[in-house]
Each structure stands twice: as structure tokens, then as C-alpha cells.
Amino acid sequence: MDVGGVGLRVRHGGSGPPVLLVHGHPRTHATWHRVAGRLAEEFTVVCPDLRGYGRSDKPATTPDHAPYAKRAMAADLVELMRILGHSRFVVAGHDRGCYVATRLALDHPRAVAGLVPMDGIPIGEALARAGAEFAGLWWHWFFLGQTAKPAEPLISADPDRWYGPGDPEHMGREAWEDYRAAIHDPATVHAMCEDYRAGLGIDRAHDDADRAAGRRVACPVHVLWSTGDDMADLYGDIRDIWRTWADGPVTGGPVESGHHMAEDAPGDVAAEIADFARRVFAAEVGGVTAARGVPGVPGIPEAPGEDAPPGVDGRR
């Protein structure tokens with residue numbers, strides 16, 4: 001689907017209130033397949049490949065890495081949802097998708113009814129807190145993000161060794177094949193590195209500007225983190241960090257899982273997202289706002305870009 005000069009591969013289906021699922025690195029939308037199937041019994045589910053990832057378009061890079069900024073990725077997704085007829089929705093994002101979902105909530109508050117950040121805190125917060133422990137555990141941020149000795153030739157020399165071959169039985173055969181095709185495509189590897197380069201520069205600048213201006217996430221937030229990852233080791237109770245970024249209630253908790261929780265614990269992840277989305281949409285129907293997809297409740301008309309902060313793409 002063309003979302004304004006960028007083509008995104010997307011799968012969508014189900015019926016009911018809309019839920020957008022945003023994958024992380026180095027996965028594609030297929031990482032959600034066991035979660036999406038469960039959610040589609042009750043919700044309209046939208047699963048795109050982010051720009052640069054999978055079979056979505058890979059815009060040309062620039063010195064400031066802005067084509068791979070989370071602001072650009074978020075703009076893609078709000079336009080995608082508009083095209084599909086969803087003016088207000090719940091968004092869940094994992095890993096790098098967490099940063100895209102967060103930017104979507106900050107830049108487009110009228111569109112996002114609820115935010116589910118998974119295995120992440122805002123990029124600006126993570127970098128502000130980064131010390132020796134973070135650098136030791138998350139060194140790949142700086143390997144992928146630097147430009148003096150680009151990582152792409154080293155990764156593409158043996159993608160299976162760098163990323164891991166994956167397990168088709170665990171991931172699901174189609175999801176595994178999608179993952180393998182992505183990591184063996186040098187253009188995708190380059191785009192994924194650009195995602196990290198944007199993270200160290202322009203994305204942090206956007207987060208810092210929001211922090212300085214007092215802009216916060218307006219909607220309810222439901223935070224999930226995997227017990228097999230190192231989020232709790234670095235930050236303790238991640239909900240406490242999110243409460244400093246959100247005006248609405250912050251709920252959530254750990255999921256017994258490795259890092260790729262949509263593959264490791266799809267039932268638990270689907271249940272967490274579904275329960276949160278039910279509560280969010282019930283509150284919306286109760287009179288806070290209206291959400292497309294709820295029987296008898298009209299969508300909110302929204303002019304393109306009306307939620308963008310000052311200076312974004314020349315808008316207010």
C-alpha cells in the first residue's frame with residue numbers, strides 16, 4: 001500500500017476495534033502471526049512491515065538519516081491506518097517497533113487510543129541513562145549505528161552467523177522464511193542499520209525536544225517486558241519510567257518469555273494486548289472519544305497531519 005511515496009507491505013484482517021502491531025529488528029510483520037490470529041477473533045488487526053524492513057520500500061538514505069527516523073515511520077503508519085479507515089486505534093510495538101509506536105503516540109495523539117510498548121523505553125530516555133552496563137549489554141546499538149566503519153559488509157558476509165539461523169518450528173515456517181529473506185537482502189540490512197543510526201541522532205533529538213517542551217503520551221499505556229531479556233536488569237520496574245512520559249494510566253508487567261515474545265509466548269502477549277484494548281475501547285465508547293470498528297460508534301474525522309508537532313513536514 002502506498003502511504004505517501006513509500007510502499008508498505010501489510011496484512012490486515014479480523015473485525016472489531018482496530019489494533020496495529022509493529023514489529024522490531026530484524027523481524028518482519030510475520031513475527032506476529034500467532035498473536036494476530038488470536039486478536040483477529042475480536043479486533044481488526046493491521047500488521048505492516050516498517051519502511052526499510054521486509055518487503056516494504058527502502059527510501060534512499062541521507063546524512064541525517066531522517067528517512068529512517070521514527071517520526072517518518074510513524075507518519076507512514078498513521079497514513080496506512082487512515083487509508084484502511086481507522087482514525088483511532090490501539091498500537092503495540094516491540095523492540096524497534098516500540099520506538100515507532102511511541103513516536104506515533106507523541107506525534108499523533110488523536111489517532112492513538114492506547115499504547116503497548118514492549119521491551120523498550122523511549123530512545124531519548126535510554127540514551128540519557130546509558131552507562132557502561134548498557135553499552136556492554138546493548139553494544140549492537142553503537143555497532144549498527146556508527147558510520148566510520150559501516151556494519152553492513154560485516155553482517156552481509158554471513159547473515160546467519162550475525163543474526164542467527166532461526167528455528168522454523170519455533171517461529172513458524174512462513175515467518176522463518178520471511179525472516180531469512182530479510183536478513184539475506186543487503187538493502188534490508190542497510191535500511192536496518194539506518195534505523196539504528198537515526199536512533200542515535202535524530203530520534204534522540206525528537207525525544208529530547210518533546211521532553212523539553214513537556215509533551216507526553218496522552219493515552220493509556222500498557223508496558224510489557226520479557227523476563228528473559230535484560231530490561232529489568234537495566235531499569236528495574238519499567239512502568240516507573242513510563243509514568244514520567246505519560247499523562248494517562250500506566251499498567252502492564254513482565255511476560256515469561258525470551259526477547260521475541262510474540263514468538264515465545266504468543267498466547268500471553270495476545271491476552272495482554274486484548275485485555276488492554278478492551279478496556280481502552282470500553283472507555284472510549286463510554287464517552288471519552290469514539291473509535292472506528294466499535295458497533296454503532298462512528299470514527300473521528302481527522303485531517304492528515306493535524307496531530308503533528310510544530311515544524312513537522314511544514315505543518316503547524
Side-chain angles (χ1 to χ4, degrees), residues 19-27 29 31-32 34-36 38-39 47 50 70 90-106 112 114-141 144 164 170-171 195-196 199 203-204 207 216-217 219-280:
V19 175
L20 172 64
L21 302 178
V22 189
H23 67 84
H25 168 266
R27 297 310 204 242
H29 78 283
T31 193
W32 295 107
R34 293 190 178 109
V35 173
R38 289 171 164 88
L39 291 176
C47 299
L50 290 169
K70 307 311 160 287
V90 166
V91 58
H94 179 254
D95 185 79
R96 304 302 288 185
C98 168
Y99 311 126
V100 179
T102 301
R103 180 47 51 196
L104 186 55
L106 286 165
V112 179
L115 170 65
V116 184
M118 300 167 61
D119 278 339
I121 62 174
I123 286 179
E125 185 80 36
L127 290 171
R129 291 168 174 261
E133 186 177 14
F134 180 91
L137 291 170
W138 290 30
W139 60 272
H140 63 282
W141 272 35
L144 298 173
H170 180 67
M171 295 175 67
D195 174 359
Y196 281 84
D203 291 334
R204 183 181 190 179
D207 278 7
R216 291 153 61 92
V217 174
C219 65
V221 177
H222 191 68
V223 187
L224 302 176
W225 64 93
S226 49
T227 57
D229 208 346
D230 42 33
M231 293 293 295
D233 294 335
L234 285 170
Y235 305 119
D237 191 332
I238 294 107
R239 289 167 295 197
D240 291 339
I241 295 175
W242 277 101
R243 288 184 181 108
T244 71
W245 281 83
D247 287 329
V250 175
T251 56
V255 174
E256 292 290 333
S257 168
H259 175 62
H260 295 289
M261 64 173 79
E263 298 166 9
D264 294 351
D268 290 343
V269 169
E272 289 280 355
I273 295 173
D275 181 66
F276 175 66
R278 283 187 208 108
R279 289 187 279 115
V280 166

Original post:
With the threshold set at 4.0 Å, does a side-chain nitrogen-carboxylate oxygen contact exist between Asp240 and Arg243?
Top reply: yes
Subject >> Residue pair Asp119 / His94, side-chain donor-acceptor N/O under 3.5 Å >> reply: yes
**OP:** Quick one: closest heavy-atom pair of Ile123 and Arg96, and the distance?
**Re:** CD1-NH2, 4.3 Å
Subject >> Side chain proximity check, Trp245 to Ile121, heavy atoms < 4.5 angstrom >> reply: no
Subject >> Polar contact flag, side-chain donor to acceptor under 3.5 angstrom, Asp95-His23 >> reply: no
Original post:
Looking at CH2 of Trp138 and CG of Asp230, how far apart are the two atoms once the value is rounded to the nearest 0.5 Å?
Top reply: 6.0 Å
Subject >> Value rounded to 0.5 Å, distance of CG in Leu106 from CG in Asp207 >> reply: 7.0 Å
Subject >> Contact summary for Val19 and Leu39, nearest pair of heavy atoms >> reply: CG1-CD1, 4.4 Å
Original post:
Under a 4.5 Å cut-off applied to non-hydrogen side-chain atoms, are Val116 and Glu272 in contact?
Top reply: no
Original post:
Would you say Asp203 and Tyr99 make side-chain contact, with heavy atoms under 4.5 Å?
Top reply: no
Subject >> Residue pair Thr251 / Pro220, side-chain heavy-atom distance below 4.5 Å >> reply: no
Subject >> Student check: side-chain heavy atoms of Leu50 and Asp195 closer than 4.5 Å >> reply: no
**OP:** Measure the shortest side-chain to side-chain distance between Leu144 and His25 over non-hydrogen atoms and say whether it is less than 4.5 angstrom.
**Re:** yes
Subject >> NE2 on His259 to CE on Met231, rounded to 0.5 Å >> reply: 9.5 Å
Subject >> Exercise: identify the closest heavy-atom pair between Met261 and Trp225 >> reply: CE-C, 3.8 Å
**OP:** Measure the spacing between OG1 of Thr227 and CG of Asp229 and express it to the nearest 0.5 Å.
**Re:** 9.0 Å
Original post:
Rounded to the nearest 0.5 Å, what separation is found between the CD1 atom of Ile273 and the CG atom of Leu224?
Top reply: 7.0 Å
Original post:
For Leu21 and His29, what are the C-alpha separation, side-chain angles and deciding distance, and is it a side-chain contact (heavy atoms from CB on, under 4.5 Å)?
Top reply: CA-CA 8 Å; Leu21 302 178; His29 78 283; over 6 Å; no
Original post:
Which atom pair, heavy atoms only, marks the closest approach of Cys219 to Val112?
Top reply: CB-O, 3.5 Å
Original post:
Which heavy atom of Gly97 sits nearest a heavy atom of Val22, and at what distance?
Top reply: CA-CG1, 3.7 Å
Original post:
Say you draw a straight line from CE of Met171 to CZ of Arg34; how long is it, rounded to the nearest 0.5 Å?
Top reply: 9.5 Å
Subject >> Distance-minimising heavy-atom pair for Asp264 and Pro266 >> reply: C-CD, 3.5 Å
